[in-house]
Amino acid sequence: MKHLLILFSIFTTLTLSCQSDGGDKNEETAGTNKVTYQASNEVFSNPERGFMHSWQVNSEGAAMTTASLTNLKKENVSIILRLYYLEKFKTTPLSQTQLDLITTDFTRLREAGLKCVLRFAYTDAQDGSDASAAIISGHLDQLKPIVAANKDVIAFVQAGFIGAWGEWYYTTNNLTTPANKTLILNKLLEVFPKEIKIQVRTPKIKQDFFNTTTAMNASVGYGTENTARVGFHNDCFMASVDDYGTYINVTADKTYISNEALFVPTGGETCPPTDVPVASCSIAEKEMSLLKWTYLNLDYYGPVLQEWRNNNCFADFERKLGYRLSLVTSDLKTTIALNDALALNAVIKNGGFAPVYNPKNAFLIFRSTANGTVYKKKLAFDVRLVTPNLNYELKESVSTSEIPAGTYELLLKIEDSSSKLSERADYAIRLANTGVWEAATGFNKLSQTVTIK
């Protein structure tokens, strides 16, 4: 009898501590199963974040190819900066050839499963000329139907148009006057769909435009006002004390961006350092964490990127740029009655530098273990709320109406809000846990099953 009790005890212990395929720990008590998930250290891509390539094209140039875009996935790249130079059109409307080029690029981005950060400029020379405010306004009117039809593959827009490289400096048409900056930013906000966030070159540009130095709070940041649509790009990141004039009051401006970047994106590129050393791993980690960097150019500035490769932090930045969501635990009933609601209790962590900025649709997936039939149940869960270094508690009552009796595997899908992309796994968010991701479906396995009786 004593031996039987010992064997029973060993069996019970093993049952309570069994390991799933993903190495997750399951604990089943009183009809409830709790799973503790194992985080993954793998480098992989996710939509609208990470290291990116910068691809520029001159007026009426060649479109991107689907093959070249698809090849970027081998580098875990999910976004590119697409910079259109409009040097042929400084005094005239855009040609149909130019408009067709832009349309073709958007189509090929979609085919390849990528998105772009978009920018327009008229010159790539510091002493080059840009266009007048009237010409810029007319060009934006021409672009309006194209960007509306392709908003699904535009991650963010850098304000562009003004001055060399579209960086809002070195203008030849007085475009950096307060009146002209206001005119052009207003036009960008009017022309681009309200879902798209516009990034300006310095915090002062936004502060002047909205006449405040106070960062927005959540009630504004998750809303639809124009304030919640304007973020920042920095094209001389960590390159001098004030990043080549990006900041006026460095500490105050960085604090402002840090608070704003809970709701609007920051990103850009490094450039040759002046009067500061090449940014070390520790400095870069601190700055990107503070300013919540979501993307960074792979093509410039090479020596800075090589510094990180040489000191073994480049892969860590590949993981941390933007968001990196992972499951911590989930706690669910293993059996419920037909048509009863299922109480979903999960904890999700964001180990990245930044949150998700564009709204997504989240679903709890019920997949039959008998025949594979899938039932999707929409969640109220707003993934943007999973901010960095936060353990977010996802608690929802999920309807099981229209799901027949049976046993179901449970999965989580966080998909693109566009109906054009919602079924594409390339545009679904992958969670950073071992053994949860299904590349074919874009589902994340919860290692949970429920029986509906």
Side-chain angles (χ1 to χ4, degrees), residues 47-49 52 78-84 86 94 98-121 136-162 166 181-200 205-206 209-210 216 220-233 260-261 263-267 294-295 322 355-362 382-384 414-424 426-429:
E48 302 156 6
R49 57 148 302 275
M52 68 177 188
S78 70
I79 54 173
I80 65 161
L81 173 66
R82 187 54 162 167
L83 173 51
Y84 294 96
L86 307 175
L94 302 177
Q98 180 66 36
L99 297 173
D100 289 345
L101 161 64
I102 297 166
T103 301
T104 299
D105 278 348
F106 286 140
T107 299
R108 291 179 179 172
L109 280 164
R110 192 178 296 107
E111 289 171 352
L114 276 69
K115 294 194 180 190
C116 70
V117 178
L118 189 62
R119 191 202 294 187
F120 297 91
I136 293 170
S137 182
H139 288 171
L140 281 165
D141 285 333
Q142 288 183 276
L143 291 167
K144 186 173 183 176
I146 297 173
V147 297
N150 294 282
K151 63 185 180 181
D152 56 316
V153 290
I154 301 173
F156 313 110
V157 172
Q158 295 180 353
F161 291 101
I162 296 176
K181 285 192 290 186
T182 296
L183 185 154
I184 291 169
L185 187 49
N186 267 325
K187 189 68 177 180
L188 286 162
L189 290 165
E190 170 202 324
V191 164
F192 282 91
K194 61 180 177 58
E195 298 92 339
I196 294 178
K197 298 185 188 296
I198 312 293
Q199 296 177 283
V200 294
I205 293 171
K206 179 170 183 176
F209 184 80
F210 292 106
M216 66 186 131
V220 174
Y222 295 122
T224 57
E225 297 178 34
N226 280 341
T227 311
R229 293 183 58 199
V230 178
F232 313 95
H233 72 99
E260 288 265 307
F263 316 106
V264 292
T266 56
T294 203
Y295 64 82
V356 177
Y357 291 109
N358 294 326
K360 307 291 179 184
N361 292 326
D382 185 346
V383 71
R384 297 176 300 169
I414 306 170
E415 66 184 31
D416 200 279
S417 60
S418 167
S419 59
K420 294 180 183 178
L421 307 180
S422 60
E423 296 303 313
R424 298 276 301 278
D426 287 326
Y427 295 104
I429 290 179

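Counting begins at 1 with the first residue of the sequence.
- When side chains are defined from C-beta on, V264 does not count as touching I198, because their heavy atoms never get closer than 4.5 Å.
- Using a 4.5 Å cut-off on side-chain heavy atoms (C-beta onward), T294 and F156 make contact.
- Applying the ring-ring contact (aromatic ring centres under 6.0 Å, His included) criterion to Y222, with sequence neighbours excluded, gives F263.
- For the atom pair CG (L118) and CG (L109), the distance works out to 9.5 Å, reported to the nearest 0.5 Å.
- For the pair Y427/S78, no side-chain contact is recorded, criterion being any heavy-atom separation below 4.5 Å from C-beta on.
- I102 places none of its side-chain heavy atoms less than 4.5 Å from the side chain of N150.
- Of all the heavy atoms in I79 and M52, the pair that sits closest is O-CB, 3.1 Å.
- Expressed to the nearest 0.5 Å, how far CG of N186 lies from CG of N226 amounts to 7.5 Å.
- When all heavy atoms of K360 and I414 are compared, the closest pair comes out as CB-CG2, 3.7 Å.
- Qualifying ring-ring contact (aromatic ring centres under 6.0 Å, His included) partners for F161, counting only residues two or more places apart in sequence or in other chains: F120.
- By the side chain to side chain donor-acceptor pair (under 3.5 Å) test, D382 pairs with R384, sequence neighbours left out.
- Here the closest non-hydrogen pair linking A148 and P193 is CA-CG, 3.9 Å.
- Screening residues 149-158 for salt bridge (charged side-chain N to carboxylate O under 4.0 Å, His left out) gives R110-D152, K151-E195 as the qualifying pairs, with residues at least two apart or on separate chains.
- Proximity of F209 to L189: side-chain heavy atoms (C-beta onward) are separated by under 4.5 Å at one or more points.
- For K194, the NZ atom is loosely surrounded, since the number of other residues' heavy atoms within 6.0 Å does not exceed 12.
- Evaluation of the side chain to side chain donor-acceptor pair (under 3.5 Å) rule for Q142 yields no partner, not counting sequence neighbours.
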Going through the distances and angles, do I205 and F232 end up as a side-chain contact (heavy atoms from CB on, under 4.5 Å)?
CA-CA 9 Å; I205 293 171; F232 313 95; over 6 Å; no
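- No side-chain donor-acceptor contact under 3.5 Å links T103 to the backbone of I146.
- Under the salt bridge (Lys or Arg N to Asp or Glu O under 4.0 Å) criterion, E111 pairs with no residue at all, not counting sequence neighbours.
- Interatomic distance, CG of N361 versus CD of E415, reported as 5.5 Å (0.5 Å rounding).
- The heavy-atom pair separating S422 from S419 by the smallest distance is OG-O, 3.6 Å.
- Scored by the salt bridge (Lys or Arg N to Asp or Glu O under 4.0 Å) test, K187 finds D141, E190 as partners (sequence neighbours excluded).
- For Y357, the ring-ring contact (aromatic ring centres under 6.0 Å, His included) criterion is met by no residue, not counting sequence neighbours.
- Scored by the ring-ring contact (aromatic ring centres under 6.0 Å, His included) test, H233 finds no partners at all (sequence neighbours excluded).
- With hydrogens and angles ignored, the 3.5 Å screen pairs no side-chain donor or acceptor of K197 with any backbone N or O of N358.
- Here the side chains of V117 and Q199 are in contact, with some heavy-atom distance below 4.5 Å.
- Take K115 and apply the salt bridge (Lys or Arg N to Asp or Glu O under 4.0 Å) test, not counting sequence neighbours, and it matches E48, D416.
- Between G223 and A228 the shortest heavy-atom distance is O-CB, 3.8 Å.
- For the side chain to side chain donor-acceptor pair (under 3.5 Å) test, residues two or more places apart in sequence or in another chain that qualify with Q158 are R119, Y295.
- Closest heavy-atom contact between A428 and P47: O-CD, 3.6 Å.
- Residues satisfying the salt bridge (Lys or Arg N to Asp or Glu O under 4.0 Å) criterion with D105, sequence neighbours excluded, are R82.
- Using modelled atom types, one side-chain atom of E260 and one backbone atom of M216 make a donor-acceptor pair closer than 3.5 Å.
- In this structure, the side chains of L143 and F192 stay at 4.5 Å or more apart for every pair of heavy atoms.
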